[in-house]
Amino acid sequence: METMEAGSAPTDALGPLSPVAARLPEVRAAAGGVPLVEAGADPGYLIPQDVGAWGMPNGARRVDKWKNTLTDGELSELRRLHAYAFSDDEFGKGVRFIDSTDTGQAEKYLYDHFDDFREVAGNANRLAYAGSLRVRYPWRVSTDTAQGPTKVGYSVSHTLTKTEIETNGWSAGGSLKLSIGKMGDASFSGSYSYSRTNSTAWSTADTVNSDLTVGDKQWGRIDVYNVGGTYDDYLFFCLWDLPVAAEDHRYRVFYFDGYRFRCPDGFLVFPLKDFFVKSPDSPPQPCACSASGPMAPRRPTPTSPPQASRVARLTDGGLGVHWTPASGGPSARLPAAARAGSREPACFSCSRGWLISRCDG
C-alpha cells in the first residue's frame with residue numbers, strides 16, 4: 001500500500017443522485033379477486049422480461065456468480081431511471097463487481113458491511129437494480145388433494161406489510177404472507193418489489209372464498225402462484241456526479257462508515273438472485289389459483305423464460321477518465337459518516353485501484 005495525502009474530513013451529507021428520468025406512472029386500483037385458472041393456463045398478466053427500479057429488491061440473495069453482459073431490456077430500464085447515471089460514458093469508466101471472493105481491502109469491507117452500506121447508499125438514491133426474468137408466476141403453495149366426486153370450499157388470504165415504501169436502501173414493495181384454508185391449511189411467506197413500470201397496487205389484506213368442483217374418479221387441488229416473476233442479476237451503486245479526488249482526478253470519492261473510498265469505476269455492482277417482482281398490471285390480490293385435474297404433479301414445473309440478446313458489456317476494471325464536478329449542487333457534498341473536525345484522515349491505496357482511509361475524529 002502507498003500512503004497518500006488527503007484533504008480535510010467531509011462535513012456534509014452524501015449528495016443524492018438528482019432525479020432526471022420521467023416520474024413513475026400513477027398507481028391505480030385494479031378490479032377482480034384471486035383469479036382461478038385451469039392448470040397450465042396463463043392468467044394473462046404482464047410479466048416483463050426485464051425489470052429495473054430504485055433500491056435493492058426485497059428478498060434478493062447476494063451470490064458469487066456474475067456475467068459481463070446486460071440485456072438490452074435491463075439497460076433500457078436503468079436508463080429510464082436515470083439517463084446520465086447509466087450512460088455509455090459511465091459504463092466506459094468500468095464496473096467493479098463485488099462478492100464474497102474479493103480479497104481487496106475496500107471491496108471486502110463493503111461486502112462485509114453490506115447492510116449498512118445499502119442503507120446509506122439507498123437513502124442517497126444511489127442504488128438501483130436490474131433483473132432478467134427467470135420464472136413466470138412462481139409456485140408458492142398447494143392445498144391438500146381432494147377425491148371426487150365432490151365440491152370443496154376454500155379460501156385464499158393475503159397480508160402485505162411495508163407496502164410501497166422505499167426506505168433503508170430497499171426498493172418499493174414489502175413482505176407478503178399467503179394462506180389457504182378449508183382444504184388443509186397451507187401458507188407461504190416471502191417478499192416482493194415493484195418494477196419501474198408498476199401501475200396497479202395490491203390491497204394490503206384480503207380473503208377470497210370460492211369452491212372447487214372435482215369430477216367423479218378424479219383428484220383435484222388448488223395451487224397458488226404469485227402474479228409476477230422471479231429475477232436474477234445486479235444491484236448497482238452509481239458513482240455518477242460524485243466529487244473527484246483532489247490528488248488524482250481519475251478517481252471519484254465517497255465516504256462510508258468513517259472510511260474514504262476512492263474509485264475509478266462508473267459503478268459498484270453486487271450480483272443478486274431470486275428476487276420476486278410484482279406484475280405491473282396485476283389485480284389487487286398478489287396471487288392466482290390454478291385448479292389442477294387428475295394426476296397433477298405436486299409442484300408444477302415453471303416454464304423457462306425466453307432468452308434475450310445481451311448487448312451491454314460490463315467492463316471490469318479500468319482507471320476511468322478525467323472528470324470535474326459541476327460547481328455547487330449535490331456533486332459538491334460529501335457524507336457525514338466520516339466527520340473528524342479539521343483532522344486529515346490517513347489514506348491508503350488498495351490493490352485494485354481503490355483508496356480507503358480511516359477518519360478517527
Side-chain angles (χ1 to χ4, degrees), residues 17 19-30 35 42-61 70-83 85-86 118 122 125-138 140 158 160-176 190-204 225-238 269-288 302 305-306 308 310 312:
L17 193 63
V20 173
R23 297 180 59 186
L24 295 176
E26 293 293 329
V27 175
R28 59 181 174 82
D42 189 327
Y45 297 106
L46 174 63
I47 312 293
Q49 176 63 36
D50 302 288
V51 295
W54 292 113
M56 178 170 175
N58 299 290
R61 296 190 294 113
L70 282 175
T71 68
D72 50 357
E74 287 175 306
L75 187 60
S76 176
E77 290 297 301
L78 290 171
R79 287 178 171 171
R80 286 173 180 171
L81 293 175
H82 203 293
F86 294 98
R118 184 206 67 236
N125 203 35
R126 288 190 169 272
L127 292 183
Y129 72 83
S132 187
L133 182 65
R134 191 170 60 85
V135 178
R136 302 172 74 247
Y137 301 109
R140 295 311 189 195
H158 78 263
L160 307 181
T161 57
K162 299 187 298 184
T163 58
E164 298 184 80
I165 297 175
E166 293 181 37
T167 183
N168 295 332
W170 296 105
S171 68
S175 300
L176 164 68
S191 300
Y192 69 99
S193 295
Y194 290 123
S195 68
R196 179 193 62 80
T197 56
N198 185 67
S199 60
T200 64
W202 283 340
S203 58
T204 56
Y225 300 79
N226 268 154
V227 181
T230 54
Y231 295 79
D232 298 340
D233 271 348
Y234 300 115
L235 177 71
F236 289 81
F237 172 67
C238 306
V269 179
F270 301 85
L272 301 177
K273 188 176 180 63
D274 291 338
F275 52 92
F276 173 72
V277 178
K278 168 193 175 295
S279 166
D281 64 347
S282 64
Q285 284 71 24
C287 56
R310 300 186 177 275

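Numbers here are sequence positions counted from 1.
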Asker: Within the side chain of Asp274, is there an N or O that forms a donor-acceptor pair under 3.5 Å with the backbone of Ala60?
Answerer: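 It does not hold such a pair.
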Asker: Please report the closest heavy-atom contact between Cys238 and Phe86, naming both atoms and the distance.
Answerer: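 Answer, listing the atom of Cys238 first, then Phe86: SG-CZ, 3.4 Å.
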Asker: Rounded to the nearest 0.5 Å, what separates atom CG in Leu81 from atom CH2 in Trp54?
Answerer: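 It is 5.5 Å, given to the nearest 0.5 Å.
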Asker: Is the backbone N or O of Ser132 less than 3.5 Å from a side-chain atom of Glu74, with the two atoms forming a donor-acceptor pair by type?
Answerer: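 Pair found, side chain donor or acceptor close to backbone of Ser132.
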Asker: Answer yes or no: is there a donor N or O on one side and an acceptor on the other, between the side chain of Asp233 and the main chain of Ala130, under 3.5 Å?
Answerer: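 Flag not set: sc Asp233 to bb Ala130 has no pair under 3.5 Å.
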Asker: If you measure from CG on Leu133 to OG1 on Thr230, what distance do you get to the nearest 0.5 Å?
Answerer: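 Atom-to-atom, Leu133:CG and Thr230:OG1 are 6.5 Å apart.
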Asker: Do you know the tightest heavy-atom contact between Pro280 and Ser195?
Answerer: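 It is CG-OG, 3.8 Å.
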Asker: Can Phe236 and Leu127 be said to form a side chain to side chain contact (heavy atoms under 4.5 Å, CB included), step by step?
Answerer: CA-CA 6 Å; Phe236 289 81; Leu127 292 183; over 6 Å; no
Asker: Can you sort out the partners of Pro271 under side-chain contact (heavy atoms from CB on, under 4.5 Å), two or more places apart, ordered by chain and number?
Answerer: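 If we apply the side-chain contact (heavy atoms from CB on, under 4.5 Å) test to Pro271, skipping adjacent residues, the hits are Val63, Trp66, Tyr234.
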Asker: Return the set of residues passing side chain to side chain donor-acceptor pair (under 3.5 Å) with Ser193 (not counting sequence neighbours), or none when no residue passes.
Answerer: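 Residues passing side chain to side chain donor-acceptor pair (under 3.5 Å) with Ser193: Asn58, Ser171.
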Asker: Checking Arg140 now: which residues fulfil salt bridge (Lys or Arg N to Asp or Glu O under 4.0 Å) with it, not counting sequence neighbours?
Answerer: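 Partners of Arg140 by the salt bridge (Lys or Arg N to Asp or Glu O under 4.0 Å) criterion come out as none, since no residue qualifies.
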Asker: What are the two closest heavy atoms between Thr71 and Asp50, and how far apart are they?
Answerer: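 So the two residues come closest at OG1-OD1, 2.7 Å.
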Asker: Would you say Lys278's side chain and Gly173's backbone share a donor-acceptor pair under 3.5 angstrom?
Answerer: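 Checked: no pair found.
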Asker: Can you measure from CE (Met56) to CG (Leu272) and round to the nearest 0.5 angstrom?
Answerer: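 Going from CE on Met56 over to CG on Leu272, the span is 5.0 Å.
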Asker: Which residues pass the side-chain contact (heavy atoms from CB on, under 4.5 Å) test with Ala53, not counting sequence neighbours?
Answerer: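 Per chain and number, Ala53 pairs via side-chain contact (heavy atoms from CB on, under 4.5 Å) with Tyr129.
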Asker: Which of these, Trp202, Phe275, Trp170, sits in a ring-ring contact (aromatic ring centres under 6.0 Å, His included) with Tyr192?
Answerer: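 It is Trp202; the other options fail the test.
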Asker: Can you tell me how far the CD1 atom of Ile47 sits from the CG atom of Asp281, to the nearest 0.5 Å?
Answerer: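 So the gap between those two atoms works out to 7.5 Å.
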Asker: Strictly distance-based, threshold 3.5 Å: is any side-chain N or O of Arg196 a donor or acceptor partner for the main-chain N or O of Val51?
Answerer: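 Not a single qualifying donor-acceptor pair exists.
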Asker: Hey, is the main chain of Leu46 close enough, under 3.5 Å, to the side chain of Ser279 for a donor-acceptor pair?
Answerer: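 Yes, the answer is positive, given that a donor and an acceptor are paired below the 3.5 Å cut-off.
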Asker: Under the ring pair (Phe, Tyr, Trp, His ring centres under 6.0 Å) rule, collect the residues that match up with Phe276, sequence neighbours excluded.
Answerer: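 Checked Phe276 against ring pair (Phe, Tyr, Trp, His ring centres under 6.0 Å); zero matches.
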Asker: Taking Ser175 for its side chain and Thr161 for its backbone only, find out whether a donor-acceptor pair lies under 3.5 Å.
Answerer: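 Judged by distance alone, no pair lies under 3.5 Å.
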Asker: Please report the interatomic distance CG(Asp72) to CG(Leu75), rounded to the nearest 0.5 Å.
Answerer: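 Result: 8.0 Å between the selected atoms.
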Asker: To the nearest 0.5 Å, what is the distance between CD (Gln49) and CD (Glu77)?
Answerer: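 Interatomic distance, Gln49 CD to Glu77 CD, rounded to 0.5 Å: 11.5 Å.
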